[in-house]
Amino acid sequence: LLSLNLSSNRIGDDGLDLLIQGLPASVDTLDLNWNEVTLSRQLSLLRFKKLYLWGTMRYLLAAHESSLHRWPTQNAALNV
């Protein structure tokens with residue numbers, strides 16, 4: 001398993017954290033396009049080389065949002 005594509009879901013902190021922890025280390029791409037994602041705490045999203053969020057409605061607390069803006073784009077493709 002190298003990548004995972006999920007779409008049209010409602011995902012919260014606990015569900016996304018469980019998903020991230022349960023994925024094998026070989027998964028370097030996470031596609032969450034067209035989801036409703038609610039994040040109120042920081043999660044280990046930096047493990048992915050590519051994270052796709054296009055068309056995704058995101059509800060972020062200010063602390064997490066500022067963390068997302070500091071994403072190291074030289075190492076990751078972030079489609080928002």
**Prompt:** Counting N and O atoms only, with roles assigned by atom type, does the side chain of Asp31 sit under 3.5 Å from a partner on the main chain of Asn33, one being a donor and the other an acceptor?
**Reply:** yes
Across all chains, not counting sequence neighbours, the side chain to side chain contact (heavy atoms under 4.5 Å, CB included) partners of Asp28 are Lys49
CG (Leu53) and CG (Leu30) are apart, to the nearest 0.5 Å, by 8.0 Å
dist Ser7:OG -> Trp54:CH2 (nearest 0.5 Å) comes out at 12.0 Å
TODO: Using the rule that two of Ile, Leu, Val, Met, Phe, Trp, Tyr join whenever any of their side-chain heavy atoms come within less than 4.5 Å, decide whether Leu23 and Leu18 are in one cluster.
DONE: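 Looking at the clustering, Leu18 is in a separate group from Leu23.
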Using the rule that Ile, Leu, Val, Met, Phe, Trp and Tyr join whenever any side-chain heavy atoms are under 4.5 Å apart, tell me whether Ile20 and Leu1 fall into a single cluster.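 Yes; Leu1 is reachable from Ile20 via cluster members.
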* Over all heavy atoms of both residues, which pair between Asn35 and Leu6 is shortest? Give the atoms and the distance, please. =>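 Smallest interatomic distance, heavy atoms only, reads ND2-O, 3.0 Å.
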Exercise for review: Please tell me if the side chains of Val27 and Arg47 come closer than 4.5 Å, counting only heavy atoms from C-beta onward.
Suggested key: yes
Next item on the list: Report the C-alpha distance between Leu19 and Ile11 in whole Å, list the side-chain angles of each, state the deciding distance to 0.1 Å, and finish with yes or no for side chain to side chain contact (heavy atoms under 4.5 Å, CB included).
Entry: CA-CA 10 Å; Leu19 172 68; Ile11 306 170; 5.7 Å; no
